[in-house]
Amino acid sequence: MENYEKKWTNLWLKYEKRADAGNFCFCEMVCVQGFDEHNTIISNALKEFAKGIKGMLGITPAVVTGIPAKGIWIAKVADAIVPNEGFHLKTEAERIVMEASDENGVLYGIFYLLRQIAMEKSLAGLNIKERPAIKNRMLNHWDNLDGSVERGYSGHSFYFDNNKILISERTVDYARFIASIGINGVVINNVNVKDAATYLITPTYFNEVRQLKEIFAGYGVKLFLSLNFAAPLELGGPDSADPFDEDVISWWRGQIALVYEALPDLGGFLVKADSEGRPGPFTYGRTQADGANMLARLLDVHGGMLIWRCFVYNCTQDWRDRKTDRARAGYDNFIQSDGDYHPNVILQIKNGPMDFQIREPVSPLIGGLKKTNQMLEVQIAQEYTGQQIDVCYLIPMFKEVLDFKYCGSSEKIFDVIKNIGFVAVTNTGDDENWTGNDLAAANLYGFGRLAWSVSLSAEEIAEEWIRQTLSCDEEVIAVVKKILLSSRDTFEKYTCPLGIGWMVTPHYHYGPSVDGYEYSQWGTYHRADHLGIGVDRTDKGTGYTGQYQEPHKSIYNNIETCPEELLLFFHYVPYKYILKSGKTLIQHIYDTHFEGVMEVEEMIKAWNRIEAKLPADVFAVVTGRFEQQLNNAKEWRDHINSYFYRKSGIADEKGRKFY
Ligand code: GCV
């Protein structure tokens, strides 16, 4: 293991001194029965317990062989009693009995206990059964081998630097952190697989990838790699990547066998094909299913999974063309092949049809597919939502998506994906605090906790994170919770109105540029003129609403029933259109932009009030970010309001300053 020069914090696993809450007696001894104590996951779980208890309660638990009267008794049971990865915790007088059917269950049970202690909650009277709500709970890193992170806002990669793989205590800590929130899969490299990254599936990197894989496996996390569909051409194989070409198939067969010989238990591969310049089966006149199935069949032999992204659209569009609609692309490219995918293929679908905007409807592809494994992809790297400068707690948004009743019945998006997976493009880097803005770690924490326990509210998750990371002080909890829970609405207020999205500085995606993407090739238009704004995606426009199942097809198609927060996503709307609030659209735009800035000012005041109760380093970093956020919010307010005032010529009813 290499030395790692930079420092790093312990995120929510701080294990600082905690009020006892009557928990000492349960932590004096621990006995494991039925599991092999030398199994890496079990020994890591015991190490974690010892570390946490020492830090929080100041005692060192003794590992004993007999069932302790005071302490924790971990017992193996059949998976019919406690399903894999789950645990049952029951307090009996001064003993806690933990039942689990596999090692992961033990690890998660230990993290549960440590979390309660860190939150100063009593372990008395426990009788709790938990199992993960969603099967695969994954993180996608967009880390490049040169050490850069695509859409990374918290420093460089901690996996890669200068085409080398980094392995250090930091990697181990990272594995602990993500295991503690129930993550069980990571893809370590960017989906845009180029240059050296193509060689991750060759002996050049096998040794180091194996070490990484083993570190993660010790915490119940499977490692996956992103794959370059054109690898045969780039690694000296056949001069083609056509999935129907026998030479190509046999090249992949050999390569995948080589990979699995060196990296048994590798989770599998993630592929971005035919998108934003990446090669794919379309090049050869084949479908996405043709491409995915070719690899999946070969992977199946080794027990691997093939995760195929549905972010496939035309990124060289003509802005004059009002019929082609990027929002339609995912559905149009994948729906015809529903049911044609090999059983070990999972389609990974972004939550919205565009690209992680602050407000989008749920993608009609999820749940539109009826016979295909689907996994929901969200982004906690805040590419379009403030880049970890602006605070934007995304868990409320993710909950809206999971709760969306896509076909009108009680069935939710959660039901579509629960037996498959939930994945987040992650927000970590090698910054000391891992996520740039300390408050952004609430999104990483929250994603894992939500994927584990989908019934937790965004508020409960926020409180858990605050208690473990910042303080158990009631004022701190109240203030930070309010900041987090209001942050998404505030961000939306000062940025793009009513679901229209974009209006960001091209390429960087931070700060306003209303027309930045308006006359470009990316298919991301707001269509504002002097009379109104919005994209007509109804049956009279691009027809996108037709991709939804009822009742949403009709609801979205009609301007009167369309949810107002998505109005401009689905409709072209005159500035004088009266909203349900009684305000005109234009006045709504003006008002929300003033409100957004005021709300940031309020957040900062509240944050300053609790300075004395916060860790000094966290206070300093977040305060600096808030200053930037306030400037950003003012920029947005003034760009948007001045732009629409100039376009429409309609004055603000309140006579405020425009430019
Ligand atoms: C990894 C957006 C981002 C790209 C990203 C892409 C994707 O377009 O801006 O950086 O590429 O999404 O999800 O593949």
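When a residue number appears, it is its place in the shown sequence, counting from 1. Counting starts at 1 for both ligands and their atoms, in listed order. Keep in mind that this is a model prediction, so the values were computed, not measured.
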Test of ring centre spacing under 6.0 Å for [X] and [Y]:
| X | Y | value |
| --- | --- | --- |
| Y556 | F570 | yes |
| F158 | W434 | yes |
| F216 | Y219 | no |

Less than 3.5 Å between some nitrogen or oxygen of [X] and one of ligand 1, yes or no?
| X | answer |
| --- | --- |
| E150 | yes |
| W142 | no |
| R151 | yes |
| D355 | yes |

Review point. For atom 6 (C) of ligand 1, which candidate among M354, E276, Q348, Q379 provides the closest heavy atom?
Key: E276
Practice item. Heavy-atom contacts with E383 under 4.0 Å: which atoms of ligand 1 show up? List them by number with element. Key: 3 (C), 9 (O)
Exercise for review: May I ask you to list the atoms of ligand 1 that are less than 4.0 angstrom from any heavy atom of F311?
Suggested key: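 Those atoms are 6 (C), 7 (C), 8 (O), 12 (O), 13 (O), 14 (O).
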Exercise for review: Kindly indicate, with the supporting measurements, whether the criterion ring-ring contact (aromatic ring centres under 6.0 Å, His included) is fulfilled by H593 and F644.
Suggested key: CA-CA 12 Å; H593 283 78; F644 285 104; 8.2 Å; no
Exercise for review: Just let me know how N190 lines up against ligand 1, side chain, backbone, both or neither, with a heavy-atom cut-off below 4.0 Å.
Suggested key: side chain
Practice item. Go through Y331 and F334 one step at a time and tell me if the ring-ring contact (aromatic ring centres under 6.0 Å, His included) criterion holds. Key: CA-CA 5 Å; Y331 189 93; F334 285 88; over 10 Å; no
Point to revise | Pair Y643-D515, side-chain donor/acceptor within less than 3.5 Å | key: yes
